[in-house]
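Labels below follow one simple rule: chain letters A, B, ... track the order of the sequence lines, proteins then strands, and each chain is numbered from 1.
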Amino acid sequence: MKFASSYEPNQYESDIYAAWEAAGVFQPLVPTVPIDDDGNGVDDRFHENAKYYSIVMPPPNANGNLHIGHGLTIALEDALTRYYRLRGRSTWYVPGADHAGFETWVVYERALEAEGHTRFEFDRDELYARVWDFVAMQRGNMELQLRALGASCAWNDLTFTLDENVIDRVYTTFEKMWNDGMVYRGEKLVNFCPKHQTAFADIEVEHRDEPGTLWEIVYPVVQDEDVKSCASEASSLAPVVTGLASSIAPVVANASESHNLTSLIVSTTRPETLFGDTAVAVNPNDARYADLVGKMVRLPLTDREIPIIADEHADPEYGTGVVKITPAHDFDDFEVGERHDLPRIQVISEEGKMINVPEKYLGMGAAECRKAVLSDLKEQGFLKGEKQITHSVAHCYKCGTVLEPTLKEQWFVDVKKLAKVAISHLENNEIRFYPENKARVLINYLENLKDWNISRQIPWGIAIPMFRKVDEEATDEPEWIFDRRTHLKEIERSGVKYVRDEDTFDTWFSSSHWPIVCTDWSEENPTPYYPLNVMETGVDLLFAWVARMIMMGLYVTGEVPFYEVYMHGMVLDAHGKKMSKSKGNVINPMDLVAKYGSDAFRLGIVRGRGAGMNQAFSENSVISGRNLCNKLWNISRLIQNIVDEDDGDKAGVLSANLFSGPTSSSSTSYAGTPGEPSPSETNPSGASGIYVSELANRTLSRGKDIAATPASSSSYTNDNMGEDWICREISECVKQVEDCMNDYRFSEAVEVLYSTIWDKYADWFIESQKIYRNVPLLKRTLETLLIALHPFAPFVTEAIWQNLSWTDGFIITQEWPCELKYDPITAEQFESVIGIVSEVRGTLQSLPGASNAKKYALMYDKDSLVEDNLLLIRNLTKVPAAVALDGAPRGLRIALANHELYLDVPEKVVALYKDALTEKILSVGRELDGLNARMMNPNYVDKAPAELVKETRDAISDKEALIARLKQQLEVI
RNA sequence: GGGCUUUUAGCUCAGUUGGCUAGAGCGCAGCAUUCACAUUGCUGAGGUCACAGGUUCGAGCCCUGUAAAGCCCACCA
């Protein structure tokens, strides 16, 4: 086994991943469908005691590349997966690929246009087949990238959103909804993109605040004597009423006199839609217009008369308080129209051309028509004024085109009932959210949800399994029937012909089944992996996806689809700005993986990131991850060297007896057969813990001349430097990582591992082991740290595991480490050694001149702790000698309260230290003052916990002692 | 208009039920270096925890208000 002097991720990563995959370690241990005849396994599928752990990947777009957000998703989900796998759960991480209906369609149509074709040259089925090939061609990229990131997902179970079982499940749900009356065909206003020629759900609309013009237009009131046919107008749907002579001159309304108003002024940002007006509305409580309600106004530029109605929608405070009602082109007006049973006149076609308008305007584009209308209004004196305003405008989130509210017949899901059920389960706290507040945000959203348009006029997607009757005469037959045979354009039932609706489902309709379809849940075979343990995804998908999965999960299975939801925030660039192609600040995760390694990327992207927070990301954090990998690699290299040197001793035999679970690999149970689940994940209490003091295999380092031989002492064991201490530190680290994983505090987990490995293990323990060696303990502690870091840095830990001479199997299938036993008193004593070394180093640094460490010897006075650790102290401080004080103290006293240590510094140099010493006394004095002030407060002594008070008291005596010593020193100078 | 979030070192962020001298990474300064690692080691500088009140023996943390930044939802014609 050979360790190169630095870790080169590229040399290992792909081989390791291939080896894992070949060994089948990603697949769950326990079959995903209950095989028990008497239905066992169903009972224990509940979260708390479950031995299962399931998580599904938010499916990346099948024809795209992974972006930085995917990188984060995979890093987090895979960390969870690997962690729970190490804890012995039967872990199922289901990978996915998304057909991404509209997204992919847009990309494809662009490609099609680039080839000089248009969608209109092909029928729907041809287009579907073409996009299928288009996606199939690129689909491998995304999957390779997931592998490069180290996702330990069950590839055998990869689910594509157009897989047969997905479509089947979606149809089953749709049929159930159809039968339950939860889905209906309705003519409503929908958001329609004129460029893409499809409707959207509300959630897909992007609102932007934009400057616009508000025009004021005069609508003359039809005086009583002029009224011909009263409100029966509504029945005469002819858009252009002819033959009515204009007898009314446009007169500006006199606002103070409500009785003899001859005209009303309405404000609009869309004058071209006035041809679609079927009423004007005033607020029912608006006294100014009370008398006019029920009368008619004449629509400018036409001969049509429309009623004045009273509706709450009109805001008396806004403008003149009068609003024109265009039910076919405005969402509010549509609702007003429904309340008052107004006709809907569509004046802009789906292609954006004027229809149902006077001859002059017919066929114009909407923008062109607006100009013409304004000019005509002005000419005829109907335009009273205009002003600039800012208003929010709906845009297509893909192409930015202004969406046209368009009247269309579509399939709608009655979400009210679904939402109600979801809300009750959410209020019952059945799903835990990270961050917590998202639950309330979600409830608020669900409470205001409107019916969901699931029809899309694009070919790429799951065909809606509904067929429309063609034969008008078969009056007894239903207009629409459900049928799964969507590969047919036309079917026959009871001798009646039906044609398929050409539309496809909104992707979110099928995606809302994701937890169900990925786990193969079915009514007959409810898998123990559903509900999922956790749903991890980005905050931007709370409404679009998470909300719908919850509603659909409950509707289909009666259970929430997952127990916990972790939502990561957006990854912003180094300056906290959103990444976007146009800004050119997009970071490609694969570039970073190639440059620094997969582990470095994972460590970097996880670091400094909390649930739900949009946070900046820079290459620096990846670099620091790379450094950690290299550090760990070199720690392992050193330990392997020590082990090699130690070979031939009895150490090998000894260590074999000491290890319990971890090194006896469980790889047999991964051999492909559904084996038993790993042993219980709880630590077998004490079974494999070791008392380090019992480990006898210690050897002094060779060939060093020793200034003072370690003396034996009754109070300290001279050959145990740092051993209890590191066992304590590692045990605490492992415990903290467990807590963090439990609460999804990934960043903190990485932080703890980082500092334990680097600042504690490498800087102190490994250093001490260069002098005194405990080979079994070195092996044991290294294994523990490798396993603990594995969820976050899978490749380097596996690479090391494979390179170490004494380890077996894969690290990925090891058992999560249990606590290392230690003696707390000894551990604490080592803390003092650290304090001594640090203080000596600091003092040496503050003395004038370079390379001080080599100049001055260290002297100690009757101090068994120092004596016992002399070699280590000497090596770490690099002083030329460390000796017992002979005679009276001399030189420079080290600023420690409980240890008498001196640096053998000439008086002249000590004098130069005077300022530093004075400053030190002052700063300790300030701390002491603070502590004293606290103790002077009787309430503190009274009310604070006794333990805390005692600590304060101890600290005071320490500080006092220190100050006394330092002052003594000052006097000498 | 409604809702959510953030504000701690030069930068990006931790700080879990309130508790001793507020931490990390990167950056910066000084020193070191054949002997696991320059992807290194050691040392250090740098913070009135946005502001103002309040609760408490004690507040970065809890409460109230203010300011700034960001995000989401929404039917301003």
Check step by step if salt bridge (charged side-chain N to carboxylate O under 4.0 Å, His left out) holds for A:Glu767 and A:Lys770.
CA-CA 5 Å; A:Glu767 288 304 320; A:Lys770 285 178 180 172; 3.1 Å; yes
Polar pair under 3.5 Å, donor/acceptor by atom type, side chain A:Glu767, base B:A36
yes
Can you check the distance between B:U21 and B:C26, where both ends of the measurement are the P atom (answer in whole Å)?
28 Å
Can A:Ser6 and A:Asn630 be counted as having a side-chain donor-acceptor contact under 3.5 angstrom?
no
Gap between atoms CD and P, on A:Glu436 and B:U5 respectively (whole Å):
10 Å
Expected output is a numbered-order residue list: members of residues 940-947 of chain A with a heavy atom under 4.0 Å from any atom of RNA chain B. What is it?
A:Tyr940, A:Lys943, A:Ala944, A:Pro945
Touch check for A:Arg607, heavy atoms < 4.0 angstrom, all strands: base, sugar-phosphate only, or nothing?
sugar-phosphate
Angle class for the A:Tyr397/A:Phe200 ring planes (parallel below 30°, perpendicular above 60°, tilted otherwise)?
perpendicular
What residues in residues 608-626 of chain A put a non-hydrogen atom under 4.0 Å from any atom of RNA chain B?
A:Gly608, A:Met613, A:Gln615, A:Ala616, A:Asn620, A:Ser624, A:Arg626
Below 4.0 Å: OP1/OP2 of B:A74 and any side-chain N or O of A:Asn448:
no
When the ring planes of A:Tyr744 and A:Tyr434 are compared, do they come out parallel, tilted or perpendicular, using 30° and 60° as the limits?
tilted
Do the side chain of A:Lys959 and the base of B:U21 come within less than 3.5 angstrom through a donor-acceptor pair of N or O atoms?
yes
By the 4.0 Å heavy-atom rule, please label A:Asn641 as base, sugar-phosphate, or nothing.
nothing
Using a 4.0 Å heavy-atom cut-off, write out nucleotides 41-48 of chain B from 5' to 3' as B (base contacted by protein), S (sugar-phosphate only) or - (no contact).
SBS-----
Any salt bridge between A:Glu272 and A:Arg270, counting N to O under 4.0 Å?
yes
Roughly how many Å apart are B:U7 and B:C62, using the P atom of each and rounding to a whole number?
11 Å
Distance in angstrom units between A:His575 NE2 and B:G10 P, rounded
17 Å
May I have the distance from A:Ile800 (atom CD1) to B:C37 (atom C1'), rounded to whole angstrom?
12 Å
Mind checking the CZ-OG spacing from A:Arg773 to A:Ser768? Nearest 0.5 Å is all I need.
11.5 Å
Using the P atom in both, what is the distance from B:G1 to B:C61, to the nearest Å?
30 Å
Sugar-phosphate only, base, or nothing, as touched by A:Thr269 at under 4.0 Å among non-hydrogen atoms:
sugar-phosphate
Under 4.0 Å from OP1 or OP2 of B:U21: is there any side-chain N or O of A:Arg926 that close?
no
Nearest-angstrom distance, C1' atom, B:U39 to B:G25
14 Å
Look at all strands and tell whether A:Gln769 reaches a base, only sugar-phosphate, or nothing, counting heavy atoms closer than 4.0 Å.
nothing
Out of B:C26, B:U5, B:U16, minimum distance to the side chain of A:Asn437 belongs to B:U5
For nucleotides B:G70 and B:C76, find the distance between their P atoms and express it as a whole number of Å.
22 Å
Using a heavy-atom cut-off of under 4.0 Å over every strand shown, decide if A:His313 touches base, sugar-phosphate, or nothing.
base
Suppose you measure atom P in B:U5 against the same atom in B:G65; what distance do you get, rounded to whole Å?
14 Å
note: A:Lys577, atom NZ; B:U12, atom C1'; distance rounded to Å ~ 14 Å
Whole-Å P distance, B:A45 and B:G54:
35 Å
When we call it a touch if two heavy atoms are under 4.0 Å apart, what does A:Arg745 touch: a base, just sugar-phosphate, or nothing?
base
Assigned partner base of B:C71, Watson-Crick or wobble definition, under 3.5 Å
B:G3
Is the positively charged end of A:Arg607 above the ring of A:Phe792, judged by distance under 6.0 angstrom from the centroid and angle within 45° of the axis?
no
What contact category does A:Tyr596 fall into here, base, sugar-phosphate, or nothing, at under 4.0 angstrom with non-hydrogen atoms?
nothing
Does A:Ile642 reach a base, just sugar-phosphate, or nothing at all? Heavy atoms under 4.0 Å.
nothing
Rounding to an integer number of angstrom, what distance separates B:A14 and B:U8 when you compare their C1' atoms?
10 Å
What is the separation between atom CD on A:Glu447 and atom P on B:A74, rounded to the nearest whole Å?
15 Å
Ranking A:Glu335 and A:Glu8 by the position along RNA chain B of their nearest nucleotide, the one closer to 5' is A:Glu8
Between B:A36 (C1') and A:Lys770 (NZ): distance, integer Å:
7 Å
Counting only side-chain heavy atoms from C-beta out, which of B:A24, B:U39, B:A36 sits nearest to A:Glu751?
B:A24
Would you say B:U21 has OP1 or OP2 under 4.0 Å from some side-chain N or O of A:Arg934?
yes
Counting only side-chain heavy atoms from C-beta out, which of B:U39, B:C57, B:A36 sits nearest to A:Ser6?
B:U39
So does A:Glu947 pair up with A:Arg953, basic N to acidic O under 4.0 Å?
no
Please classify the nucleic acid contact of A:Ile639 as base, sugar-phosphate, or nothing, using heavy-atom distances under 4.0 Å.
nothing
Just checking A:Ala574: base, sugar-phosphate only, or nothing, at a heavy-atom cut-off of under 4.0 Å?
sugar-phosphate
